[in-house]
Every structure is written in structure tokens, then in C-alpha cells.
Amino acid sequence: MGQNESWGNRIGLVLAMAGNAVGFGNFLRFPVQAIENGGGAFIIPYIVCFILLGVPLMFVEWTLGRFAGHRGAHSPPFILEKMGGKRKIWRYVGVFGIFSTLGIACYYCYLESWTLSYIYHSVMGSFNAMPQSQVAAFFADYHDINSSHSGIPFENIAAFVLCLALNIWVLSRGIQKGIEKVAKIGVPLLIIFGIFLAIKGVTIKAGENGALVSGITGLNFLWTPKYTSLYDPKVWLAAAGQIFFTLSIGMGCIQCYASYLKRNDDVALGALSTSFVNEFVEIVLGGTILLSIAIGFVGLDSIQSLVANEGGFGIAFQTMPYLFSKWGAVMGAICGVAFFGLLFLAGITSSLAMCSPAQAFLKDEFKYSSRKSALLIGGVLILWGLPTVLFYKKGVFDEYDYWVGTVCLFFFAMMECILFSWGAGIKKNWKELNRAADIKIPKIFKYILTFVTPAMLIIIFFAALIKPQNDEWNRLSFKGWEVDASSLIGKLTNKNVGFNRQWIADTLYSDVEGVCKSVRKENNRIYVDIASLNTQSTEEGYTKTYSADTLSVLLIDEGTLIKAGTPLMKGRFINNVLYLSLSRYYLVLLFLIVLTAVVIAARKRKKQFQIKIQ
């Protein structure tokens, strides 16, 4: 991406923008949020947040991009600087637009690579006749570098490198021959796969192929509204968070893509078109596929339990291959290829967009070619992505996701909205948004952009900062309250770590309650499996495994009832908190590198300007 590049046509632009927005969040995160927040109880807040947050922020990012693009800026630091006028602080706010997208791409490409492996295993019939427990174990083993189900040594690393190579190759070809071409092929194919799977899901009949209920049951769960949810802050925060993930706003990708528009290209209709394509894919396809198939075959209660323990990965990678096999070997393989192929296409169109702000920065400011900039970005993704591969089970993947995929994303979106509406002035930017527009935007959005959207973003950010334990907002008091482990304060204080809080310790404690299901020795290690218990004190099925070397001394036996904080073993242990802390420092290093590059680029621009006016 360079100064002279542009989109081939409007269809290519809209599909590329849609490809950027449509990602794993549409198919993995949205159904999980719906399940966790009561199905129909989630839909009304979700639609309201889409109108008050999603659409306005799409207007903001498209407008910022076009405004700065024909002024010679295609990367977030200088896009915001152009809009901010003489206030150069906005340049450094824009650093988050490069840092967060690179950080997200580092672990996103690993997630993307899982889908490649699962496509291969679906074709090879690896999941045929596997019970659900073995499919779940397959996923756990996949993240063990010493394990391979394909005969390829270090399968997860090999798939990760292959995925990176594909991304680098497409980026090296530029906009029209690379990103736009992939979007024109990938997005329609993704929708075709999605429609096929959605039809398979809704046509499930109770009693056929082991289905417990009809596929329509899942849709009823999603589309039966519950108006009591309007009074629940937890559901509103979940809905607002989903809007960010689903539209890829607050990342700088949309700004970057829009910066290659011509001066009088429309942004209003483009922003709306992208938004509604994404919502179709998310609600109509994403919600239908997972909810109808999973609830149809397993039942709502079991799916809610699985989601509570394993999240979206629990459904997609630990359950769906098992459910597809119920249709027989051939149809199971076809559905597996369609589902994981759909996820791969959603993933690669998004990861390409994530790399585009960094590539535009390198090409604009340091005059790198498409190939050279793509290779440099690939090197960054390898260096910062490998920890999420090697230490996935230590929580590094989730730590990256929280800091760069959640905190930075919200912060950047909040700041760009404040700049658009208040820093540069809504009067000027409302005019810019409507210039050469193919549709007339209702004037009420001017007031939404000025007051409602910024206020909602600020409220969401501070709510995430002080979120009370278990989302019990009625506990807020001037006397203080216990913050949740997932809150920003909770994360900073390692509240989510549990009882193993030391980097290196001589005792390993349980972080969960349950019963010791088994103690086993494999590959010179001891494994302790703790199964959760339901209210009747019987095993619920979910198992957490602790492992240590064989020199460790066991302090419990099979059948022992376990409480959170129960000592499990004595020995020498490196706890996960060490890996979490180091991953944060590593991300800070990446931020400082990006910041330094922006400072150097700014000085180069200043020097070039001084030479020009002499």
C-alpha cells in the first residue's frame, strides 16, 4: 500500500471492508455471547448498540480515512494527525492503531492456522467415530508441540508458519492484486459455505441422527426477546463489546482502507453497506449455524455448561467436529470443510486488514516496497506470535487478546470518536461525512455522534475498569466493592491468577473446586485431572488438568474432594503468572518499537517540509 495505490472498484472495496469486519467474532464470539446472556435477552441491547455505537463509529473511521488519504496519510498516526490539525498529540494516539492491529494479528494468525489444520483433519476423517471427549482431547493435544495427529512434526507450529506465509504473500501483492482479489473470492465463498451450513442446521429434526431437539429450537432461543434484560448492565456491556469485535472498529484497519478512496468517493453508503453485510453474516449465518446445530444435537443446558467452561473454542473446535460426524463420514467431512473453510476465509480477510496499517506506514514513511514491508511485518508476527503458540496453555494467547484485542481497541475507538466529534469539530466532520454521499444520513446521527456515542464509549471504558465481581452492579458503593478478575484493575493486580501467584513456587495449588478424577503418568510427567461437580455433587464432565515433572510429590489421591486453594503437589513449579507477566512486557516492547518508528517518521516529515519551503 503506497501513495499511488487505490481500489479497483467499489465492489472490491466493500468486500474488502466486509472481509475485514467479518471474522472469528461473527461465528465464535457472537453465539457464545448470546448463550451466556440469555439468547433473546441479548438481541435488543445488541441492536441498540449497533445503531448507537457500531454505525456511528463506522461513519467516523470511513470519514477519517478518506479525509486524510488525499492529504498523503494512510496510517493511523498520521490520519489522526491530519484530522487533529496542529495538535500533534493525536499522532501518538494513532500509535495504538498500528500497535493493536499488529498485536492482534500475532495471535489471530495462530487461531487462523487452527482452521487450516481442522480442514485437513476433516478431509482425512480424523474425527470419524470419535466421541466428544476425544475430540476435546484432540484440541488440547494440538497445542502440545510434542504431539501431532497428522504425522507432521510440530503440527501447530507448521500450520502457524504456513498461515503467516499466505498472509505475507497476499500483502506483498498490494491492494488490487492481493487484498482486493482475496476479498472478491473469499467473502462470497464464505457466505455460500455459511448458507449451506445454516440450512443444514435449521433442517435438523428431533430424533434423526441422534438429534435431541429440532434445529429451530436454537433460533427460538436467539429470537425470543426478554425485556427484563434492558435493566441488566452486564448484558449491555456484553452487547457493546460484541459490536467492537464484530465490526473491527477501533483498530485502524477501516481508516487505512478508506484512505485509498478518491477525494469524492462516497463514504456514507459504503459504511452502511459494510455494516449490514457484517450483521447479515453474524446474526443470520453465525448465530444460526452454531446455535441450531449445537443445541439441536446436544441440548441447551449442555451447551450452556460447555460455553461457561470453554467459551467459543469449546463449541467450534471441541464439539462441532463431533456433531458433524453424526451426519455420516462423507457429509461430516463436507460440513467440516465448509465450517472450518468458512472460519479460515473470515480469518484471513481480517488478518490481512490488521496488517494493512503497519504496511501503509512503512510504505508511506520509509518508502518500503510491498514485498519488503510484508516480509518485515511477517518477521514481527513470527517474533511476537510464537509465544502464543509455544505457551498457549500458559495463558499467553488470552493475555494478548485482553490487552491488545480489548483494552487498546476500546481506548483507540474512544479517542478517535472524541477527536471526530469534539477535537476537530462535529460541524466540519458532519459536512465531510456527507460530501459526495450517495445517501442522505438522518440528521439525528449528528447528535448521536456528538453526544451519545462518545458518552457510551467513556462509560464502557470505565465500567471495564471497575467492573464488580460476578457482574453484580448493585454492589457498587461509596464504601468500595470487590472488582471482578476480568476488570482492568483485576487484570493489573493479577486477580485472575488464583492461588498460584508466585512466578516460581514449591507448592502447586488448585484454582478450581471438584474431585480428583485421575492421576496418571505420561511422557515423564504427572497429570492430575480435576472434574467439576454439579449441585448434586456428581461429576459434571468438565475437567481441568494440572501437570508437573515426575520428581514432584503428590499430596492428593484419586477421589479426593478438591477446594480452590487445595495443595496438589510439592516440588519446583513455574507458574502461569510468570508467562503472563513476561507477555505483557513483550507487548510493551512492541509498543515502544512502534512508538519509536512513528517518532522517526514524524521527524522525517518535518525535515522534508522544511526543505520544501526553503
Side-chain angles (χ1 to χ4, degrees), residues 1 3 5-7 13-14 16-17 20-21 53-101 244 247-275 353-354 356-361 364-365 408-437 441 445-446 448-450 453-454 457 598:
M1 295 181 178
Q3 297 278 1
E5 288 193 278
S6 63
W7 298 100
L13 168 65
V14 171
M17 286 284 196
N20 163 51
L53 275 178
V55 172
L57 284 171
M58 289 293 279
F59 286 152
V60 168
E61 297 208 352
W62 276 71
T63 305
L64 284 172
R66 185 185 65 177
F67 175 84
H70 65 85
R71 290 171 171 81
H74 302 89
S75 61
F78 296 101
I79 289 175
L80 265 61
E81 182 183 66
K82 293 295 182 183
M83 181 62 76
K86 295 181 180 180
R87 295 179 290 276
K88 303 304 181 185
I89 185 64
W90 292 108
R91 174 199 304 154
Y92 299 107
V93 172
V95 170
F96 285 91
I98 296 178
F99 164 68
S100 62
T101 48
F244 275 85
L247 291 174
S248 298
I249 45 185
M251 300 172 75
C253 306
I254 296 171
Q255 291 180 15
C256 180
Y257 276 7
S259 71
Y260 292 96
L261 289 168
K262 297 180 177 66
R263 179 180 173 81
N264 291 316
D265 281 349
D266 161 84
V267 294
L269 181 59
L272 281 177
S273 301
T274 303
S275 300
M354 291 171 196
S356 63
Q359 187 173 40
F361 173 74
D364 280 359
E365 311 307 327
C408 289
L409 182 146
F410 270 102
F411 175 77
F412 186 67
M414 180 175 67
M415 296 304 291
E416 69 177 2
C417 187
I418 291 171
L419 168 64
F420 184 91
S421 300
W422 293 91
I426 190 63
K427 184 177 180 179
K428 164 191 168 184
N429 287 323
W430 180 254
K431 185 178 179 180
E432 176 67 22
L433 169 61
N434 284 279
R435 184 170 57 77
I441 304 172
F445 273 101
K446 181 178 181 180
I448 291 173
L449 279 163
T450 307
T453 305
L457 289 168
V598 171

>> How close do Pro357 and Thr101 get, counting heavy atoms only, and between which atoms?
In response: CG-OG1, 4.1 Å

> If you take all heavy atoms of Ala413 and Leu457, which pair is closest and at what distance?
Replying inline: O-CD1, 3.8 Å

> From Leu53 CG over to Leu247 CG, what is the distance, rounded to the nearest 0.5 angstrom?
Replying inline: 10.0 Å

>> For a quick test of reading the model, state the closest non-hydrogen atom pair linking Val95 to Pro77 and the distance between them.
In response: N-CG, 4.0 Å

> How long is the span from the CG atom in Leu64 to the CG atom in Leu419, to the nearest 0.5 Å?
Replying inline: 6.0 Å

> With Lys431, which residues qualify under side-chain contact (heavy atoms from CB on, under 4.5 Å), at least two apart?
Replying inline: none

> Mind checking what makes side-chain contact (heavy atoms from CB on, under 4.5 Å) contact with Asn434, not counting sequence neighbours?
Replying inline: Trp430, Ile441

> Can you name the closest pair of heavy atoms from Val14 and Ser273 and give their distance?
Replying inline: CG1-CB, 4.3 Å

> How would you list, by chain and number, every residue that makes a ring-ring contact (aromatic ring centres under 6.0 Å, His included) with Phe411, sequence neighbours excluded?
Replying inline: Phe96

>> For Cys256 versus Ser259, what's the shortest heavy-atom pair and its separation?
In response: O-OG, 2.6 Å

> Would you find a donor on one side and an acceptor on the other, under 3.5 Å apart, between the side chain of Ser248 and the backbone of Asn20?
Replying inline: yes

> Quick one: salt bridge (Lys or Arg N to Asp or Glu O under 4.0 Å) partners of Glu432, sequence neighbours excluded?
Replying inline: Arg66, Arg435

>> For Glu61, give me all partners under side-chain hydrogen bond (donor to acceptor under 3.5 Å, both in side chains), at least two apart in sequence or on another chain.
In response: none

>> Please enumerate all residues that pass ring-ring contact (aromatic ring centres under 6.0 Å, His included) together with Phe78, with sequence neighbours excluded.
In response: none

>> For a 4.5 angstrom cut-off between non-hydrogen side-chain atoms, does Val598 reach Phe361?
In response: yes

> Partners of Phe59 by ring-ring contact (aromatic ring centres under 6.0 Å, His included), sequence neighbours excluded?
Replying inline: Phe445

>> Quick one, Ile254 and Tyr257 - any side-chain contact, counting heavy atoms below 4.5 Å?
In response: no

> Looking at side-chain heavy atoms only, is the closest gap between Met58 and Ile249 below 4.5 Å?
Replying inline: yes

> Do the side chains of Val267 and Leu433 get nearer than 4.5 Å, heavy atoms only?
Replying inline: yes

> With Phe244, which residues qualify under ring-ring contact (aromatic ring centres under 6.0 Å, His included), at least two apart?
Replying inline: Phe410

> Can you list every side-chain hydrogen bond (donor to acceptor under 3.5 Å, both in side chains) pair that touches residues 415-424, not counting sequence neighbours?
Replying inline: Gln255-Glu416

> Could you walk me through whether His70 and Lys262 pass the side chain to side chain contact (heavy atoms under 4.5 Å, CB included) check?
Replying inline: CA-CA 7 Å; His70 65 85; Lys262 297 180 177 66; over 6 Å; no

> side-chain contact (heavy atoms from CB on, under 4.5 Å) with Ser100: which residues, sequence neighbours excluded?
Replying inline: Cys408

> How far apart are the closest heavy atoms of Thr450 and Pro454, and which atoms are they?
Replying inline: O-CG, 3.6 Å

>> Can you tell me how far apart CG (Leu449) and SG (Cys417) are? Round to the nearest 0.5 Å.
In response: 6.5 Å

> Under 4.5 Å between any side-chain heavy atoms of Leu80 and Phe412, yes or no?
Replying inline: yes

> Any side-chain heavy-atom pair from Trp62 and Met17 closer than 4.5 angstrom?
Replying inline: yes

> Residues two or more places apart in sequence or in another chain: which of them pass side-chain contact (heavy atoms from CB on, under 4.5 Å) with Asn429?
Replying inline: Met83, Phe420, Ala424

